[in-house]
K.L.:
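Quick one: structure below, then a few questions.
Below, read A as the first sequence line, B as the second, and so on, with proteins coming before strands; counting in each chain starts at 1.
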Amino acid sequence: MNYRIPRGTQDILPEQSRKWQFIEQKIHDLCNRYNYKEIRTPVFEQTELFARGVGDTTDIVQKEMYTFDDRGGRSLTLRPEGTASTVRSFVENKMHGWADQPVKLYYVGPMFRYERPQSGRMRQFVQFGVEAMGSADPAVDAEVIGLSMDFYRELGLSNLKLVVNSLGDKESRNNHRNALIEHFEPRISEFCADCQQRLEKNPLRILDCKQDNDHELMATAPSILDYLNEDSTDYFKLVQQYLADMDIRFEVDPTLVRGLDYYNNTAFEIMIDGEGFGAITTLCGGGRYNGLVEDIGGPTTPGIGFALSIERLLMALEVQEISLPIEEGLDAYLVTMGEQAKAVSPKLLHGLRSKGLAVDGDYIGKKMKAQMKAADRQKAEFVLLLGDDELAEDNIMVKEMATGEQKQVPLKEIAEWIISQR
RNA sequence: GCGGUUGUGGCGAAGUGGUUAACGCACCGGAUUGUGAUUCCGGCACUCGUGGGUUCAAUUCCCAUCAGCCGCCCCA
């Protein structure tokens, strides 16, 4: 019986994990500049939190949650996204009372959705997300969008398309909702089963349906932009103005509807063009959720955020052939010959490492030639050769791999010598 | 949940109803008793995802199952 990795998950092996570390570091640096602070919440929560927070008309809640009962009979769910958890923590820790508002948080961590795996879609995947709670200033919307665009830009991605829309405030949404129902209801039987469900629960999402995309009623459906009240219109205009001021290019797409129920006013997505993506074109999605904190039991608090997938980012980097500036290789590799030299290698390696050098040596009894090959493979800058001859004079032979030059250095000075060469 | 496609050594990849499963790369050893290239020589799959069936005989045919990849739905 062989064990296998669970479906839709992956091991991230060293070659890849270096990229992950680089990207995670970039996230921390970027968020620090924008003054967003990291929050770490559990990977599971009460099931009810997601049902209420994400919205029970969503696919996520209806068919994609990893839900289980613990031994105490509590229903728990592996988090399918990060916003609900963050908002729960905001409420539970009374962050609305913190001195600095809005509260600006970010997170990086695994999310879980039970889906058929395919390109750009895993059952466990990692999201980087940002949430700003406590301000209804359109400048925050622009800041959050700007942060996400900066992230991709600083990693070197191009051909990104930022799409924004406004779903309006409660009043605008309601008016639009009624208009949509009025528009589709007489002929709803011509639509797919999903859309017939959507008519009552969330008619907005009919516009998002790929199956019925070509139906004539789609093209003539009332646009949300025509139903925005004055507040929502002004708000959306300001967001656009700020984006333009920041030299961030975007398109307004009135059919952009985010799949989660909690969004209102600003919604946005970052898409990528080009071959190699199959069905996946959305790298990042986000929007404003002014009612969510209240829904989850907190005081009325506006909020906005986004989430993006590191896996999809890596795909994008791959497709655009962008190599991250990753440092690799050892400062030195110790090659020993003979029992005596082998015997002093633990002490020697430990001493070098204690002084901050990245060094390694042989542990499987390789012949000298094989040790040299290993040093070469592992991109050691120097090889330290230690045999009976050197040991007899308390020296060590050091060879610079790039030039082939070598010289003897007193054994007890070798660490300083290498450091002086860096 | 639905559909397509694939599943042979660490990786890539041939192959056939029948005594020993090509080849390439990588790796290990030797030629070269203390030096990373190249070359040459040698080594490296009781086994062809798993289970069952057909057959005198199956990696090769059939069924099931699992998994990967891709698409639909939906999303990050």
K.L.:
Should the side chain of Lys399(A) and the base of G36(B) be counted as holding a donor-acceptor pair, with the cut-off at 3.5 Å?
P.N.:
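Result: at least one qualifying N/O pair found.
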
K.L.:
I'd like the P distance from G51(B) over to C23(B), given in whole Å.
P.N.:
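It works out to 28 Å between them.
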
K.L.:
Would you mind reading off the distance between Lys373(A) atom NZ and G30(B) atom C1', rounded to a whole angstrom?
P.N.:
12 Å

K.L.:
In whole angstrom, what separates Leu313(A)'s CG from A76(B)'s P?
P.N.:
16 Å

K.L.:
Starting at atom CD of Glu400(A), determine the distance to atom C1' of G36(B), rounded to an integer number of angstrom.
P.N.:
14 Å

K.L.:
Take atom C1' in A58(B) and the same atom in U32(B), then report the distance between them in whole Å.
P.N.:
48 Å

K.L.:
Which one, G34(B), G1(B), C75(B), comes nearest to the side chain of Asp389(A)?
P.N.:
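My answer, after comparing the listed nucleotides, is G34(B).
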
K.L.:
Grab the NZ-C1' distance between Lys63(A) and C72(B) for me, whole Å please.
P.N.:
10 Å

K.L.:
So what is the 5' to 3' dot-bracket string for RNA chain B, if pairs are Watson-Crick or G-U wobble with both distances under 3.5 Å, crossing pairs use [ ] and | means the partner sits on another strand?
P.N.:
(((((((..(((.....[....))).(((((.......))))).....(((((..]....))))))))))))....

K.L.:
Among Met315(A), Lys161(A), Arg312(A), Gln320(A), find the one that has a side-chain contact (heavy atoms from CB on, under 4.5 Å) with Ile272(A).
P.N.:
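Between Ile272(A) and the candidates, side-chain contact (heavy atoms from CB on, under 4.5 Å) is satisfied uniquely by Gln320(A).
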
K.L.:
Using a 6.0 Å cut-off, check whether atom OH of Tyr66(A) has over 12 heavy atoms from anything other than its own residue.
P.N.:
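Enclosed.
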
K.L.:
Salt bridge or not between Lys407(A) and Glu405(A)? Use side-chain N to carboxylate O under 4.0 Å.
P.N.:
no

K.L.:
CD of Gln127(A) versus P of C75(B): gap in Å, rounded?
P.N.:
13 Å

K.L.:
By the 4.0 Å heavy-atom rule, please label Lys366(A) as base, sugar-phosphate, or nothing.
P.N.:
sugar-phosphate

K.L.:
Please state whether the base of A76(B) and the side chain of Arg121(A) form at least one donor-acceptor pair under 3.5 Å?
P.N.:
no

K.L.:
Whether the Thr9(A) and Gln124(A) side chains hold a donor-acceptor pair (N or O, under 3.5 Å, no angle test) is what I'd like checked.
P.N.:
no

K.L.:
Between Tyr114(A) and Gly365(A), which residue's closest nucleotide on RNA chain B lies nearer the 5′ terminus?
P.N.:
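Closer to the 5' end of RNA chain B: Tyr114(A).
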
K.L.:
Report yes or no: is there a donor-acceptor pair, N or O only, under 3.5 Å between the side chain of Arg312(A) and the base of C75(B)?
P.N.:
yes

K.L.:
For a quick test of reading the model: is some side-chain N or O of Arg377(A) closer than 4.0 Å to OP1 or OP2 of C27(B)?
P.N.:
yes

K.L.:
Counting only side-chain N and O atoms of Gln118(A), is one of them less than 4.0 Å from OP1 or OP2 of C70(B)?
P.N.:
no

K.L.:
For the side chain of Glu115(A) and the base of A76(B), is some donor closer than 3.5 Å to an acceptor across the two?
P.N.:
yes

K.L.:
Do the charged groups of Asp141(A) and Arg288(A) touch, with an N to O distance under 4.0 Å?
P.N.:
yes

K.L.:
State whether a side-chain donor-acceptor pair under 3.5 Å links Glu48(A) with Ser75(A).
P.N.:
no

K.L.:
Please measure how far the P atom in C70(B) lies from the corresponding atom in G10(B), and state the result in whole Å.
P.N.:
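So the two P atoms sit 23 Å from each other.
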
K.L.:
Would you indicate, yes or no, if A76(B) has its OP1 or OP2 atom less than 4.0 angstrom from a side-chain nitrogen or oxygen of Thr282(A)?
P.N.:
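Result: no.
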
K.L.:
In whole angstroms, how far is the P atom of C27(B) from the NZ atom of Lys367(A)?
P.N.:
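Between P of C27(B) and NZ of Lys367(A): 17 Å.
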
K.L.:
Quickly work out the Asp376(A) CG to C27(B) C1' distance and round it to whole Å.
P.N.:
15 Å

K.L.:
Quick one, Lys373(A) with Asp376(A), criterion salt bridge (Lys or Arg N to Asp or Glu O under 4.0 Å). Give me CA distance, side-chain angles, the key distance, then yes/no.
P.N.:
CA-CA 5 Å; Lys373(A) 289 183 77 162; Asp376(A) 193 34; over 6 Å; no

K.L.:
What integer distance in Å separates Ile23(A):CD1 from A76(B):C1'?
P.N.:
14 Å

K.L.:
For Gly404(A), which contact category applies under a 4.0 Å heavy-atom criterion: base, sugar-phosphate, or nothing?
P.N.:
base

K.L.:
What residue among Tyr36(A), Phe128(A), Tyr34(A) forms ring pair (Phe, Tyr, Trp, His ring centres under 6.0 Å) with Phe151(A)?
P.N.:
Phe128(A)

K.L.:
Flag the pair Val164(A) / Phe236(A) as yes when at least one side-chain heavy-atom distance between them is below 4.5 Å, and no otherwise.
P.N.:
yes

K.L.:
Could you work out the separation of U8(B) and A21(B) based on their C1' atoms and round it to a whole Å?
P.N.:
9 Å

K.L.:
State whether the distance check finds a donor on one side and an acceptor on the other, under 3.5 Å, for side chain Gln406(A) versus base U35(B).
P.N.:
yes

K.L.:
Is Ala370(A) touching bases, backbone alone, or none of the nucleic acid, heavy atoms closer than 4.0 Å?
P.N.:
sugar-phosphate

K.L.:
Roughly how far apart, to the nearest Å, are G30(B) and C44(B) at atom C1'?
P.N.:
15 Å

K.L.:
Please measure how far the C1' atom in A13(B) lies from the corresponding atom in G7(B), and state the result in whole Å.
P.N.:
14 Å

K.L.:
Taking only Lys NZ, Arg NE, NH1 and NH2, and the carboxylate oxygens of Asp or Glu, determine whether Glu327(A) and Arg18(A) approach each other closer than 4.0 Å.
P.N.:
no

K.L.:
Taking atom C1' in both U16(B) and C48(B), compute the distance separating them and give it to the nearest angstrom.
P.N.:
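U16(B) and C48(B) have their C1' atoms separated by 12 Å.
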
K.L.:
Counting the atoms with a prime plus P, OP1 and OP2 as sugar-phosphate, which does Glu390(A) contact under 4.0 Å by heavy atoms, base, sugar-phosphate, or nothing?
P.N.:
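It contacts base atoms.
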
K.L.:
Using the C1' atom as the reference point in each nucleotide, state the distance between G9(B) and C27(B) in Å, no decimals.
P.N.:
12 Å

K.L.:
Does a sphere of radius 6.0 Å around CD in Glu328(A) hold more than 12 heavy atoms from other residues, nucleotides or ligands, not counting ones at 6.0 Å or beyond?
P.N.:
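Counting neighbours around CD of Glu328(A), more than 12 heavy atoms of other residues, nucleotides or ligands fall under 6.0 Å, so yes.
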
K.L.:
Could I get a table of every N or O pair under 3.5 Å where one atom is in the protein and the other is in nucleotides 65-67 of chain B?
P.N.:
{"from": "C66(B)", "atom 1": "O2'", "to": "Arg4(A)", "atom 2": "NH2", "distance (Å)": "3.0"}

K.L.:
What's Ala307(A) touching, base or sugar-phosphate or nothing? Going by heavy atoms closer than 4.0 Å.
P.N.:
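Here Ala307(A) touches the backbone only, sparing every base.
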
K.L.:
Using distance alone, with no hydrogens and no angle criterion, decide if Asn178(A) and Glu182(A) have a side-chain donor and acceptor under 3.5 Å apart.
P.N.:
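No, no side-chain donor-acceptor pair sits under 3.5 Å.
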
K.L.:
If you assign Met401(A) and Pro117(A) each to the RNA chain B nucleotide with the nearest heavy atom, which residue ends up on the more 5' nucleotide?
P.N.:
Met401(A)

K.L.:
Determine the contact category for Met122(A): base if any of its heavy atoms lies under 4.0 Å from a base atom, sugar-phosphate if only primed atoms, P, OP1 or OP2 are that close, otherwise nothing.
P.N.:
base

